[in-house]
Amino acid sequence: FILMRRARGLLCTPAFCVSRLPDQALQVIVQRNFERLGSAESVTPRELLRQLGHLISGLNQSPTATWQSILQTEAQAKQK
């Protein structure tokens, strides 16, 4: 979680972090990864940072989108 907060600080401005990407979004990313069966052995920091990068990219591309909607869209895409 601390690694993700630091990466977010490097990739985003402080105003962006406060308004569009709060700590709750980072917690949701971590929780979703550890809900999968066998995730304790297979989740890597690289995978978490990649998902954070995709989330930040999605927020930058769509100024009206929320982090919840982007994560929900990604989850639906993985289920298909």
Side-chain angles (χ1 to χ4, degrees):
F1 182 72
I2 292 173
L3 175 65
M4 292 181 69
R5 287 180 78 189
R6 290 189 181 194
R8 177 187 63 180
L10 292 172
L11 298 171
C12 304
T13 63
F16 184 89
C17 292
V18 169
S19 64
R20 307 228 22 230
L21 194 58
D23 284 347
Q24 184 182 6
L26 304 180
Q27 291 172 347
V28 169
I29 291 172
V30 172
Q31 286 173 347
R32 284 188 179 183
N33 277 282
F34 282 102
E35 287 175 352
R36 293 181 293 159
L37 185 62
S39 63
E41 294 85 24
S42 64
V43 173
T44 64
R46 180 180 182 190
E47 187 175 337
L48 294 173
L49 291 174
R50 184 180 306 141
Q51 290 180 10
L52 176 62
H54 286 288
L55 178 59
I56 291 170
S57 175
L59 289 171
N60 284 331
Q61 290 174 8
S62 179
T64 59
T66 63
W67 63 267
Q68 295 98 332
S69 64
I70 292 174
L71 288 178
Q72 183 178 20
T73 303
E74 288 179 0
Q76 290 172 351
K78 284 184 181 180
Q79 290 178 353
K80 291 183 181 180

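- Applying the side chain to side chain contact (heavy atoms under 4.5 Å, CB included) criterion to Thr73, with sequence neighbours excluded, gives no partner residue.
- Applying the side chain to side chain donor-acceptor pair (under 3.5 Å) test to Ser57 and every residue at least two apart in sequence or in another chain returns Gln61.
- Distance check, rounded to the nearest 0.5 Å: CG of Leu48 to CZ of Phe1 gives 11.5 Å.
- Judged as a salt bridge (Lys or Arg N to Asp or Glu O under 4.0 Å), and not counting sequence neighbours, the contacts of Glu47 are Arg36.
- In this structure, the side chains of Leu21 and Leu52 come closer than 4.5 Å at one or more pairs of heavy atoms.
- In this structure, the salt bridge (Lys or Arg N to Asp or Glu O under 4.0 Å) partners of Arg8, at least two apart in sequence or on a different chain, are Asp23.
- Within the model, atoms CD of Gln51 and CG of Leu71 stand 8.5 Å from one another, a figure rounded to the nearest 0.5 Å.
- Interatomic distance, Ile29 CD1 to Glu74 CD, rounded to the nearest 0.5 Å: 8.0 Å.
- Residues satisfying the side chain to side chain contact (heavy atoms under 4.5 Å, CB included) test with Thr64, not counting sequence neighbours, are Ser62.
- Using a 4.5 Å cut-off on side-chain heavy atoms (C-beta onward), Asn60 and Phe16 make contact.
- For Arg32 against Ala75, the heavy-atom pair with the smallest separation is NH1-CB, 3.8 Å.
- Scored by the side chain to side chain contact (heavy atoms under 4.5 Å, CB included) test, Leu3 finds Pro45, Leu49 as partners (sequence neighbours excluded).
- For the pair Leu59 and Ile70, the tightest heavy-atom approach, listed with the atom from each and the gap, is N-CD1, 3.4 Å.
- Partners of Arg46 under the side chain to side chain contact (heavy atoms under 4.5 Å, CB included) rule, at least two apart in sequence or in another chain, are Thr44, Arg50.
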